[in-house]
Amino acid sequence: MTRNVPDKPTLDGLETKWDERWEEDGTYRFDRSKTRDEVFSIDTPPPTVSGSLHMGSVFGYVQTDTHARYRRMSGKEVFYPMGWDDNGLPTERRVQNYYGVSCDPSLPYDSEFSAPEAAHDPVISISRRNFIELCHLLTQEDEKVFEELWRTLGLSVDWNHSYATIDEHSQRTSQKMFLRNLARGEAYSQEAPVLWDVDFQTAVAQAELEDREKGGAYHKVAFHKTDGEPIYIETSRPELICSCVALVANPEDERYQSLFGSTVTSPLFDVEVPVVAHELADPEKGTGVAMICTFGDTTDVTWWRELALPTRAVIQRDGRFQTESPEWLSDDAAAVYSELAGLFPNQARRKMAELLAESGDLDGEPEQIMHPVKFYEKGDRPLEIVTSRQWYIRNGARDSGLRTELLEKGEELHWVPGFMSVRYRHWVEGLNGDWLISRQRFFGVGVPLWYPINDSGDVDYDHPVVPDDELLPIDPSSHVPAGYQESQRDQPGGFIGDPDIMDTWATSSLTPQIVGHWDDDADLWNRVFPMDIRPQGPDIIRTWLFATTVRAHLEHGVLPWGTATINGWILDPDRKKMSKSWGNVVTPMPLIEEFGSEAVRYWACNGRPGVDTAVDTGVMKIGRRLAIKILNGARFAIGFTDADIDPSAITQPLDRSMLAGLAETVSQATGAFEDYDYARALEAAERSFWAWTDDYVELVKTRAYGEGPAATSAHAALQLALSVYLRLFAPFLPFVTEEVWSWWREGSVHRAIWPVADEFANIASDPGALEAASKVLGSVRRAKSDAKVSMRAEVGRLKVTGSADEVELIRRGADDLLAAARATDIVYSEGEFSVESELANSSN
RNA sequence: GGGCGGUUAGCUCAGUCUGGCUAGAGCGCUCGCCUCACACGCGAGAGGUCACAGGUUCAAGUCCCGUACCGCCCACCA
């Protein structure tokens with residue numbers, strides 16, 4: 001073919017040009033005629049589209065793309081879908097802020113309502129359905145921005161296989177799997193204390209908790225024995241004394257033996273509570289006696305459950321103390337309680353401290369402390385514990401058999417890097433409850449159930465009404481169960497729809513089933529599942545990775561993938577963890593515009609697997625330089641002739657020696673990729689390529705500009721080497737390699753075959769000859785540099801001293817060496833390696 | 001409180017699994033060079049007691065023990 005090598009090659013515009021071409025040509029389209037063993041399938045993480053874009057979004061995805069491209073070139077048919085995680089709280093929160101709205105489920109749907117141009121201020125309330133419409137509207141906009149970024153970065157995903165966790169197919173998959181979990185008894189509902197976010201008004205799961213160090217104070221408070229003597233406890237939550245159901249001490253604690261079995265009365269409220277024994281009570285903490293409240297913390301829940309204590313809750317779901325005086329309080333106590341009614345816990349705490357001080361039940365001043373307090377990871381106020389009915393999926397926390405099976409799955413999974421597996425193991429070993437999947441929110445996949453209401457108006461939660469699979473997905477608040485009429489909704493003798501949605505992880509834990517169309521396309525499913533790799537961040541091992549493992553284990557009895565590749569954290573340029581709340585988020589688009597996609601990809605590929613990496617424009621500059629070097633090197637390598645020369649024309653020693661080194665590079669890069677170490681593969685290719693341009697190209701340049709078989713040998717070797725380098729770099733620098741490939745090759749480099757050393761093994765020889773010539777050339781360059789003369793300066797005769805072996809190797813490339821060094825001739829002697837030259841005007 | 005990862009040149013990082021010439025790269029810095037692929041370039045140079053302390057070994061950046069600091073994860077908040 002005629003070559004179309006530009007005079008001034010540039011990186012500008014390559015992203016757009018090739019993104020469009022790849023789309024037109026279907027370069028990355030999945031060919032579903034391939035069988036499972038021919039397919040390499042990737043369970044791509046669906047990014048949270050309602051979050052802001054930052055470099056963390058780029059880092060892992062680019063690394064994964066290198067695997068996709070390597071496997072594709074290695075002959076696999078790559079199944080590489082892309083999804084968006086758009087359901088759940090992050091989207092709701094973004095919609096609230098973006099439009100200035102809040103969801104009030106009691107309002108009727110307003111068909112006239114349209115998205116506000118600007119955020120309402122003050123916030124207006126809208127119906128649930130209007131709110132959900134806004135969620136869909138905004139996530140679609142967000143998804144366009146993400147797709148644009150992925151395309152600009154050159155991710156080789158098949159955009160025909162994209163999904164959103166809120167789309168109909170995802171909802172159907174999620175609901176169908178939930179119903180199967182229900183049918184097998186793996187999903188169940190239970191009325192129990194749960195951790196509750198008072199602002200978001202929803203239950204949260206163990207995996208969504210985080211501890212934050214908060215200031216607090218130990219209050220030393222007197223309860224009273226029957227003889228009137230005080231017994232002191234220490235508490236950081238004196239406001240919960242009205243919720244106290246018992247005092248507890250360690251059964252071994254000698255100080256309190258006589259009290260076990262007796263009762264004491266609480267200060268101010270004068271409620272009689274037992275003193276009980278439990279081994280969780282720590283004699284070292286406080287006075288050794290703790291008060292048990294329903295519920296101040298998760299230990300209270302444990303004590304309450306294991307000691308079968310009564311429930312005396314006062315904190316409501318809005319986080320305030322209930323206004324009615326609790327029925328277990330006497331009239332006098334109710335008068336005290338009225339001081340607390342309607343307050344938030346921190347307000348009630350101050351009030352109680354005052355009251356206790358007045359009554360003389362507070363011993364000394366409260367001691368200020370810092371202690372860890374449980375928060376919802378997205379929340380702003382401490383979690384409270386309220387009792388409510390919730391749905392759970394078994395995860396092994398209460399079933400040692402299942403827990404063992406899931407631990408074994410973690411062992412079976414191939415982790416990259418390996419040390420990440422301990423995070424999984426520790427999480428599974430530390431589980432303290434089944435997976436709470438229901439959320440009291442609006443935008444998400446609904447719990448697909450209704451419950452019968454008996455004639456006296458009681459809801460029968462134990463016998464949910466289940467929809468047929470064909471009807472999924474359903475919204476129980478608008479669909480009517482079989483055998484009922486809409487008029488029977490919420491009526492005695494009728495039904496009630498489950499008002500809750502499932503947590504986003506309950507759906508995203510099914511990404512293999514969603515992308516593989518487990519529920520409606522068994523043919524595709526069997527070609528892609530179990531999937532090959534699950535790439536993801538280390539922070540969501542306990543959530544996404546674990547939950548996906550649970551769902552696949554329960555349904556299919558297998559691991560959902562063979563390998564998990566865990567990327568590192570992105571740190572900001574000052575090596576701090578990037579976080580929206582710290583305001584140090586670096587967004588990718590300006591960097592891409594400044595340095596180019598290849599440069600940003602290069603930076604991402606320089607981060608080792610699993611290693612935390614700082615945003616570093618210096619590294620991006622190196623990547624840009626490499627991409628430009630490829631353009632220019634290619635221009636030289638294929639600029640001599642339009643003909644494709646058969647490799648058999650490669651006869652000259654340095655040409656063959658170069659290929660021997662290249663074969664080694666190919667084998668290093670291939671080995672690294674097989675170990676999922678893209679960074680090492682890039683390093684090998686890069687090191688080799690720079691040596692190629694710096695030494696090999698300089699050594700053969702003069703010969704290449706000549707004529708005859710020796711020149712043809714160089715032309716052929718340059719062509720062959722370029723072809724190999726383009727393919728080695730293609731996974732990392734997809735645009736520039738494709739651009740150069742298009743100058744002289746048909747088709748896409750990304751569908752070209754990954755290089756193997758066998759391609760030129762029969763031509764490669766004289767390993768070491770190129771290295772020896774380079775070493776001599778290096779000495780000459782140093783001499784010229786020391787003499788401060790041009791590299792083009794003539795050096796006269798070269799006197800090379802070296803071992804017999806070295807001399808022999810140097811002799812093979814002597815002609816090229818003389819030309820590159822601009823020397824007249826060369827003489828050899830044996831001894832310690834050295835090079836002398838006759839520099840003409842060394843004074844200049 | 002438990003665990004994981006890290007600490008190598010001014011900066012960003014390789015090298016540690018599998019111990020072995022004089023510890024590498026790029027950036028930055030210094031000094032040169034417009035050499036017909038590339039000045040968005042090319043060549044050369046300076047720069048490191050490999051966090052600290054002990055141990056194993058003929059030999060330790062690399063293996064073992066401990067300490068400090070940084071980051072992250074987990075933990076029942078009395």
Side-chain angles (χ1 to χ4, degrees), chain A residues 5 7-11 209-214 216 218-219 221 233-237 240 247-249 280-282 285-293 296-303 369 371-374 382-383 417-423 425-427 429-430 432 538-539 541-542 568-569 571 573 575-577 603 606-608 610-619 621-622 624-639 679-680 683 686-687 690 693-694 697-698 701-702 705 718 777-778 780-793 820 822:
Chain A
V5 183
D7 285 340
K8 275 277 175 190
T10 173
L11 297 177
L209 304 181
E210 66 182 33
D211 285 354
R212 297 182 198 160
E213 282 289 320
K214 287 287 169 184
Y218 284 150
H219 300 68
V221 174
I233 58 121
E234 278 192 351
T235 178
S236 60
R237 301 202 63 179
L240 289 176
L247 298 190
V248 65
L280 271 183
D282 184 350
K285 280 191 182 173
T287 60
V289 187
M291 101 179 150
I292 304 175
C293 307
D297 62 36
T298 53
T299 317
D300 282 340
V301 177
T302 307
W303 281 325
I369 51 154
H371 62 166
V373 179
K374 286 205 187 309
L383 292 169
F419 65 79
M420 290 291 182
S421 70
V422 301
R423 299 194 183 204
R425 191 171 72 243
H426 286 165
W427 176 251
E429 286 171 351
N432 56 29
D539 51 325
I541 289 173
R542 64 179 180 167
W569 271 114
L571 310 172
R575 301 206 56 74
K576 294 210 182 70
K577 180 179 161 183
W603 161 77
N606 255 275
R608 255 57 190 177
V611 173
D612 296 350
T613 302
V615 174
D616 187 345
T617 55
V619 176
K621 285 181 193 164
I622 302 165
R624 182 173 176 82
R625 208 162 71 94
L626 173 62
I628 292 170
K629 194 73 174 179
I630 290 170
L631 287 174
N632 289 310
R635 211 175 141 248
F636 174 80
I638 60 174
R680 211 181 276 259
E683 188 186 27
E686 194 184 2
R687 195 188 320 112
W690 282 109
T693 62
D694 292 348
V697 165
E698 293 303 324
K701 196 176 263 181
T702 307
Y705 278 113
L718 287 164
L777 182 60
V780 175
R781 283 171 175 162
R782 190 173 309 116
K784 290 180 179 178
S785 202
D786 289 348
K788 300 189 191 300
V789 297
S790 160
M791 289 297 137
R792 224 166 40 156
R822 300 196 175 256

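For the numbers below, each heavy atom of this structure counts, side chains included, while hydrogens, waters and symmetry mates do not. Everything quoted here is computed from the prediction, not taken from an experiment. First the proteins, then the strands, lettered A, B, ... as listed; each starts at 1.
Side-chain atoms of Asp211(A) lie closest to rA75(B) of the nucleotides rC40(B), rA75(B), rA44(B). Checking rC76(B), rG15(B), rU12(B) against the side-chain heavy atoms of Arg680(A) singles out rG15(B) as nearest. In this structure, of rC4(B), rG43(B), rC77(B), it is rC4(B) that holds the atom nearest to the side chain of Phe419(A). In the set rC42(B), rC38(B), rC77(B), rC38(B) carries the atom at the smallest distance from any side-chain atom of Arg635(A). Residue Arg423(A) places its side chain closer to rC73(B) than to any other of rU35(B), rC77(B), rC73(B). Distances were taken from every side-chain heavy atom of Ser236(A) (C-beta onward) to each of rC77(B), rC36(B), rC40(B); the shortest belongs to rC77(B).
When the salt bridge (Lys or Arg N to Asp or Glu O under 4.0 Å) test is applied to Arg680(A), the partners found at least two apart in sequence or on another chain are Asp677(A). Legend: residues meeting side chain to side chain contact (heavy atoms under 4.5 Å, CB included) with Asn606(A), ordered by chain and number and at least two apart, are Tyr602(A), Val619(A), Leu682(A). Partners of Lys629(A) by salt bridge (Lys or Arg N to Asp or Glu O under 4.0 Å), not counting sequence neighbours: none found. Taking Leu11(A) as the reference, Leu14(A), Arg624(A), Ala627(A), Ile628(A), Leu631(A), Val736(A) meet the side chain to side chain contact (heavy atoms under 4.5 Å, CB included) condition, with sequence neighbours excluded. The side chain to side chain donor-acceptor pair (under 3.5 Å) test applied to Arg781(A) returns Asp695(A), not counting sequence neighbours. Partners of Arg782(A) by side chain to side chain contact (heavy atoms under 4.5 Å, CB included), not counting sequence neighbours, listed by chain and number: Ser779(A), Asp786(A). The side chain to side chain donor-acceptor pair (under 3.5 Å) check on Asn632(A) picks up nothing, with sequence neighbours excluded. Not counting sequence neighbours, the partners of Arg635(A) by the side chain to side chain contact (heavy atoms under 4.5 Å, CB included) test are Val5(A), Asp7(A), Pro9(A). The ring-ring contact (aromatic ring centres under 6.0 Å, His included) test applied to Phe636(A) returns Phe640(A), not counting sequence neighbours.
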Intra- and inter-strand pairing of RNA chain B, written as dot-bracket with Watson-Crick and G-U pairs under 3.5 Å and | for the latter, reads ((((((((.[[[[.)....(...]]]].(((((.......))))).....[[.[[..)....]].]])))))))....
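Taking atom P in both rG47(B) and rC31(B), one finds a spacing of 16 Å when rounded to whole Å. rC13(B) sits 13 Å from rC50(B) when the C1' atoms are compared, rounded to a whole Å. Rounded to the nearest Å, the gap between the C1' atom of rU8(B) and that of rG3(B) is 26 Å. Here, rC17(B) and rG6(B) have their P atoms 13 Å apart, quoted to the whole Å. Comparing rG26(B) with rU18(B), their C1' atoms sit 27 Å apart, to the nearest whole Å. Taking atom C1' in both rC72(B) and rG54(B), the straight-line distance is 29 Å, to the nearest Å. When the C1' atom is compared between rC40(B) and rA46(B), the two are found 26 Å apart, to the nearest whole Å. When the C1' atom is used for both rG5(B) and rG48(B), the distance is 24 Å, rounded to whole Å.
Comparing Leu209(A) and Arg822(A) by the nucleotide of RNA chain B whose heavy atom lies nearest to each, the residue mapping closer to the 5' end is Arg822(A). Along RNA chain B, the nucleotide nearest to Thr10(A) and the one nearest to Val289(A) differ in position, and the one closer to the 5' end is contacted by Thr10(A).
Residue contacts for Ala793(A): at a heavy-atom cut-off of 4.0 Å it reaches no nucleic acid atom on any strand shown. Counting non-hydrogen atoms under 4.0 angstrom, Thr302(A) reaches nothing in the nucleic acid. Contact annotation for Val422(A): backbone-only contact, meaning every heavy-atom pair under 4.0 Å involves sugar-phosphate atoms and none involves a base.
Looking at Lys629(A), its side chain comes within 3.5 Å of the base of rC38(B) through a donor and an acceptor atom.
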Find every protein N or O atom lying less than 3.5 Å from an N or O atom of nucleotides 29-32 of chain B, and list the pairs.
residue	atom	partner	partner atom	Å
rC31(B)	O2'	Lys788(A)	NZ	2.4

Please tabulate, one pair per line, each protein N/O and nucleotide N/O from nucleotides 24-26 of chain B that are separated by under 3.5 Å, including the distance.
none

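Within the 4.5 Å cutoff, the side chain of Asp539(A) has heavy atoms near those of the Trp569(A) side chain. The shortest distance between side-chain heavy atoms of Thr302(A) and Asn432(A) does not fall below 4.5 Å.
Within the 4.0 Å cut-off from OP1 or OP2 of rG45(B), at least one side-chain nitrogen or oxygen of Arg782(A) is found. Between rG3(B) and Arg425(A), no contact under 4.0 Å exists linking OP1 or OP2 to a side-chain N or O. Applying the 4.0 Å criterion to OP1 and OP2 of rC77(B), one finds that Lys285(A) has a side-chain N or O inside that range.
The separation between Ile369(A) atom CD1 and rC77(B) atom C1' is 8 Å, rounded to whole Å. If you take NE2 of His219(A) and C1' of rC77(B), they are 14 Å apart, rounded to a whole angstrom.
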